[in-house]
> 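Okay, handing you the structure first.
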Amino acid sequence: MGAYSIVEIFAAMAEAVPSSKFPAKTVIMNVDGTCFRIDGAAKTVTPCSDTDENADLQVKTSLEVLEKLLAKKLTPQQAFMKGLLKIKGNMGLAMKLTVLVNATRKQLIKQEKSKL
């Protein structure tokens with residue numbers, strides 16, 4: 001997998017969420033100050049404000065860590081234990097981030113193959 005921008009990753013995530021088994025919950029993901037709202041019920045990923053308190057889970061990390069998660073060099077659980085992934089809210093939902101990461105990875109690989 002190559003290097004991706006935050007926008008490319010979240011665009012792939014937006015395509016991956018509808019077909020993933022991500023729960024019908026809301027997650028705010030802040031990556032280096034860029035925030036996206038992942039709505040598992042509506043199956044959408046949209047830009048948002050970092051101050052959205054209505055989310056079931058808030059996640060804060062860096063692009064570097066997100067890239068490692070997507071490249072399978074790190075799991076969400078490992079990132080959390082190392083302090084590289086900040087979590088606020090439903091810890092049970094946080095455990096489901098692997099589903100989201102895996103679905104996004106598959107979508108990015110699919111996009112890479114379609115460019116060849």
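Worth saying up front: this structure is predicted, and the values here are computed from it rather than measured.
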> Are the side chain of T61 and the backbone N or O of L84 linked by a donor-acceptor pair below 3.5 Å?
yes

> Are M29 and F10 side-chain neighbours, meaning at least one heavy-atom pair lies under 4.5 Å?
yes

> Decide yes or no for E15 and Q111: does some side-chain heavy atom of the first lie under 4.5 Å from some side-chain heavy atom of the second?
yes

> Give me the atom names and distance for the closest heavy-atom approach of K96 to P23.
CG-CG, 3.8 Å

> Do you know the tightest heavy-atom contact between A16 and A103?
CB-O, 3.3 Å

> Rounded to the nearest 0.5 Å, what separates atom CE in M13 from atom CD1 in I6?
11.0 Å

> Is a side-chain donor or acceptor of K72 paired with a backbone partner of L69 at a separation under 3.5 angstrom?
no

> Is the shortest heavy-atom distance from the side chain of F22 to the side chain of V27 under 4.5 Å?
yes

> Between G40 and K43, what is the shortest heavy-atom contact and its length?
O-CD, 3.4 Å

> Ignoring hydrogens and geometry, is there a side-chain-to-backbone donor-acceptor pair from D32 to L63 under 3.5 Å?
yes

> Flag yes if M91 and L57 sit in one hydrophobic cluster, no otherwise; membership is Ile, Leu, Val, Met, Phe, Trp, Tyr, and two members link when side-chain heavy atoms are under 4.5 Å apart.
yes

> Of the non-hydrogen atoms in V99 and S20, which two are nearest, and what is the gap between them?
CG1-CB, 4.4 Å

> Specify the closest pair of heavy atoms between S62 and V31, including all atoms of both residues, with the distance to one decimal.
C-CG1, 3.7 Å

> If hydrophobic clusters are built by linking Ile, Leu, Val, Met, Phe, Trp and Tyr wherever their side-chain heavy atoms come under 4.5 Å apart, do M81 and L97 end up in the same one?
yes

> Would you confirm whether D39, through its side chain, and T26, through its main-chain N or O, come within 3.5 Å as a donor-acceptor pair?
no

> If you define the side chain from C-beta out and look only at heavy atoms, does anything of L74 sit under 4.5 Å from K82?
yes

> Any chance you could lay out the side chain to side chain contact (heavy atoms under 4.5 Å, CB included) test for T104 and Q107, step after step, and finish with the verdict?
CA-CA 5 Å; T104 303; Q107 186 61 38; 5.6 Å; no

> Applying side chain to side chain contact (heavy atoms under 4.5 Å, CB included), run through L100 and V17 and close with a yes or a no.
CA-CA 7 Å; L100 188 60; V17 166; 3.5 Å; yes

> Taking the side chain as C-beta and beyond, is there a heavy-atom pair between L66 and Y4 under 4.5 Å?
no

> Report yes if the side chains of L70 and V101 come closer than 4.5 Å at any heavy-atom pair, otherwise no.
yes

> Work out which heavy atom in C35 is nearest to a heavy atom in N30; give both atom names and the distance.
SG-ND2, 3.5 Å

> Are any of the side-chain heavy atoms of I28 and V59 separated by less than 4.5 Å?
no

